[in-house]
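One structure below.
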Amino acid sequence: MPNIKSKIKRMHKSEEQRQRNRNVKSALRTVIKKFETALKSGDAEAARDRFAEASQALDKAASKGVIHRNNAANKKSNMARELKAIT
């Protein structure tokens with residue numbers, strides 16, 4: 001436990017950010033899984049809707065710095081390729 005006031009504050013802020021990032025990543029995984037289940041069901045329309053949600057969530061997470069922008073771009077690219085395969 002730090003003794004310096006600024007270090008104590010930094011520690012608390014880091015923990016808040018860690019929790020926020022954790023929640024965003026969890027929600028992101030959920031949205032991606034929903035897309036994958038829609039894809040496996042073979043419903044192209046539902047998969048297209050889920051793809052739009054997932055790509056918006058990926059962009060938002062990348063803009064907030066939770067994931068790297070290239071990571072978001074790669075995930076979106078892979079999902080688009082899978083979506084194109086069933087349509």
Side-chain angles (χ1 to χ4, degrees):
M1 188 73 185
N3 296 323
I4 299 166
K5 194 172 186 179
S6 63
K7 298 299 179 187
I8 293 170
K9 181 179 178 181
R10 192 71 236 156
M11 187 183 71
H12 288 297
K13 295 300 283 181
S14 293
E15 181 60 22
E16 288 173 10
Q17 289 171 344
R18 187 184 74 81
Q19 291 294 335
R20 193 176 306 121
N21 288 348
R22 188 173 153 204
N23 290 339
V24 170
K25 282 184 182 179
S26 176
L28 198 58
R29 282 192 293 268
T30 303
V31 171
I32 291 171
K33 282 180 186 175
K34 285 181 181 178
F35 167 75
E36 290 171 352
T37 54
L39 204 63
K40 286 179 184 173
S41 72
D43 187 6
E45 188 62 34
R48 200 172 295 117
D49 293 340
R50 298 290 182 217
F51 174 72
E53 289 176 22
S55 53
Q56 183 180 11
L58 284 164
D59 287 337
K60 195 168 188 179
S63 71
K64 294 192 180 299
V66 176
I67 61 173
H68 196 274
R69 66 180 189 273
N70 290 350
N71 187 355
N74 288 339
K75 287 185 189 297
K76 283 170 47 178
S77 174
N78 290 337
M79 288 192 309
R81 190 170 353 110
E82 290 171 354
L83 181 63
K84 187 178 178 184
I86 69 159
T87 56

Q.
Is there a side chain to side chain contact (heavy atoms under 4.5 Å, CB included) between K75 and I32? Walk through the geometry before answering.
A. CA-CA 9 Å; K75 287 185 189 297; I32 291 171; 4.1 Å; yes

Q) When you measure from the side chain of S77 to the backbone N and O of A73, does any donor-acceptor pair fall under 3.5 Å? A)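 The answer is no, because no donor-acceptor pair under 3.5 Å joins these two groups.
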
Heavy-atom check, side chain of [X] versus side chain of [Y], under 4.5 Å:
{"X": "K33", "Y": "T30", "value": "no"}
{"X": "M1", "Y": "M11", "value": "yes"}
{"X": "F35", "Y": "E53", "value": "no"}
{"X": "L28", "Y": "V66", "value": "no"}
{"X": "R10", "Y": "S6", "value": "no"}

Q. Are L83 and L58 joined in one hydrophobic group, where the rule is that I, L, V, M, F, W and Y side chains link up if heavy atoms are under 4.5 Å apart?
A.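 Yes, because L83 and L58 connect within a single hydrophobic cluster, where side-chain heavy atoms sit under 4.5 Å apart.
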
Q | Qualifying residues under side chain to side chain donor-acceptor pair (under 3.5 Å), relative to E82, sequence neighbours excluded | A |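 For E82 there are no side chain to side chain donor-acceptor pair (under 3.5 Å) partners, ignoring immediate neighbours.
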
Q) Can you list the residues that meet the side chain to side chain donor-acceptor pair (under 3.5 Å) rule with K76, with sequence neighbours excluded? A)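 Once residues adjacent in sequence are excluded, the partners of K76 under the side chain to side chain donor-acceptor pair (under 3.5 Å) criterion are D59.
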
Could you measure the distance from the [atom1] atom of [X] to the [atom2] atom of [Y]? Nearest 0.5 Å is fine.
{"X": "R50", "Y": "S55", "atom1": "CZ", "atom2": "OG", "answer": "13.0 Å"}
{"X": "F51", "Y": "Q56", "atom1": "CZ", "atom2": "CD", "answer": "12.0 Å"}
{"X": "Q19", "Y": "N23", "atom1": "CD", "atom2": "CG", "answer": "6.5 Å"}

**Q.** Side-chain donor-acceptor pair present, N21, R18, cut-off under 3.5 Å
**A.**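 Not at all, the side chains of N21 and R18 share no donor-acceptor pair under 3.5 Å.
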
(Q) How close do A54 and V31 get, counting heavy atoms only, and between which atoms? (A)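 Where A54 meets V31 most closely, the heavy atoms are CA-CG1, 3.3 Å.
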
(Q) Does Q17, at its CD atom, have more than 12 non-hydrogen atoms belonging to other residues, nucleotides or ligands within less than 6.0 Å? (A)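 Yes.
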
Q: Check the pair R48, T87 against side chain to side chain contact (heavy atoms under 4.5 Å, CB included), reporting the backbone distance first and the verdict last.
A: CA-CA 9 Å; R48 200 172 295 117; T87 56; 3.6 Å; yes

Q | Residues that R22 engages under salt bridge (Lys or Arg N to Asp or Glu O under 4.0 Å), provided they are two or more places apart | A |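 None.
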
